[in-house]
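Throughout, numbering of the chain's residues begins at 1 and tracks the sequence. FYI, side chains are in, hydrogens and waters are out, and symmetry mates aren't considered; it's all heavy atoms of this structure.
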Amino acid sequence: MTQEFILRLFAAALMGGVIGMERGYRAKEAGFRTHFLVALGSALFMIISQFGFETVLSLPYNIRLDPSRIAAQVVSGIGFIGAGTIIFQKHVVRGLTTAAGLWVTAAIGMTCGSGLYVLAGATTLLVLLCLETLNLIMHHFGTRNIVITFSSPSINDVRDVLDRFRRDGMKIDNYNMREVQKDGKTLFSVATDVIVKRDKYEQRVLAIMEELDGVQIESIE
């Protein structure tokens with residue numbers, strides 16, 4: 001029986017690791033090690049929930065246990081790990097997909113812990129299909145929020161940059177401009193939130209900046 005338990009743990013760790021490799025390849029908040037450990041731990045908790053109290057039940061007492069209680073706590077507890085991958089930055093929520101992936105990875109681990117290998121394998125394939133298909137669709141048709149910080153000594157150049165963003169199909173959500181002193185010169189520093197199509201957004205932004213002399217990009221986030 002111990003060999004069967006070890007097989008379940010290996011299967012859970014393998015499937016969780018595969019999902020984690022995909023998340024790590026996309027440079028997401030949780031990667032291979034996190035998904036590996038979540039799946040492994042979930043499978044182990046599931047095994048303990050099902051078989052860890054056989055010694056207690058064999059005692060000559062009227063003891064009743066609910067084997068689903070530990071598994072239920074895994075479902076609740078994984079929410080804390082998922083919440084740690086969600087980041088609210090610059091009015092944008094990031095990490096929701098990775099958090100959901102961790103939640104499903106925990107379920108896959110529990111499924112392997114129950115010995116339902118085919119169901120766990122099918123779920124893993126569906127998760128990978130969803131993530132890769134979603135990434136392909138979003139890359140070509142989706143939009144993303146970026147924060148562009150640039151500076152220029154001319155207020156007219158700042159207006160030209162913002163107008164060019166609009167003409168190029170970018171939506172300016174908001175911007176903040178302030179005067180800064182650098183090397184005895186007054187510069188206008190602008191930080192703007194822009195919604196732009198995902199395909200080649202960096203090249204488009206850089207091309208606009210290169211066309212305007214005196215405009216310097218400080219950061220693109």
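By the 4.5 Å heavy-atom criterion applied to side chains, V74 and M46 are not counted as neighbours.
To the nearest 0.5 angstrom, M110 atom CE is 13.0 Å from T105 atom OG1. One distance of note links CD1 of I108 with CG of L116; it measures 12.5 Å at 0.5 Å rounding. Taken from CD1 in I78 to CD in Q73, the straight-line distance is 13.0 Å, to the nearest 0.5 Å. Atom OG1 of T34 and atom CD1 of I19 lie 13.0 Å apart (nearest 0.5 Å). With rounding to the nearest 0.5 angstrom, the CZ atom of R23 is 7.0 Å from the NE2 atom of H35. For the atom pair CG (D160) and OG (S152), the distance works out to 9.0 Å, reported to the nearest 0.5 Å.
Hydrophobic clustering of Ile, Leu, Val, Met, Phe, Trp and Tyr side chains at less than 4.5 Å, counting indirect connections, unites M177 with I148. Clustering ILVMFWY residues whenever any of their side-chain heavy atoms sit less than 4.5 angstrom apart, transitively, puts M21 in the very cluster that holds L128. Using a 4.5 Å cut-off between side-chain heavy atoms of Ile, Leu, Val, Met, Phe, Trp and Tyr, with links allowed through other members, V38 and W103 fall into the same hydrophobic cluster. Tracing side-chain contacts under 4.5 Å through hydrophobic residues (I, L, V, M, F, W, Y), one reaches I155 starting from F150; they form part of the same cluster.
Considering every non-hydrogen atom in both A12 and G109, the closest pair reads CB-CA, 3.9 Å. Of all heavy-atom pairs between C112 and A11, the closest is SG-C, 3.9 Å.
Partners of S189 under the side-chain hydrogen bond (donor to acceptor under 3.5 Å, both in side chains) rule, at least two apart in sequence or in another chain, do not exist in this structure. In this structure F32 satisfies the ring-ring contact (aromatic ring centres under 6.0 Å, His included) test together with F36, sequence neighbours excluded. Remark: F5 pairs with F51 by the ring-ring contact (aromatic ring centres under 6.0 Å, His included) rule, at least two apart or across chains. Under the side chain to side chain contact (heavy atoms under 4.5 Å, CB included) criterion, L9 pairs with L40, A43, L44, I47, not counting sequence neighbours. Listed by chain and residue number, N156 satisfy the side-chain hydrogen bond (donor to acceptor under 3.5 Å, both in side chains) test with R159 (two or more places apart in sequence, or in another chain).
Residue pairs meeting the side chain to side chain donor-acceptor pair (under 3.5 Å) criterion with at least one partner in residues 108-127, sequence neighbours excluded, are E4-Y117.
Within 6.0 Å of atom CZ in F188, more than 12 heavy atoms from other residues, nucleotides or ligands are found, so the atom counts as buried in its surroundings.
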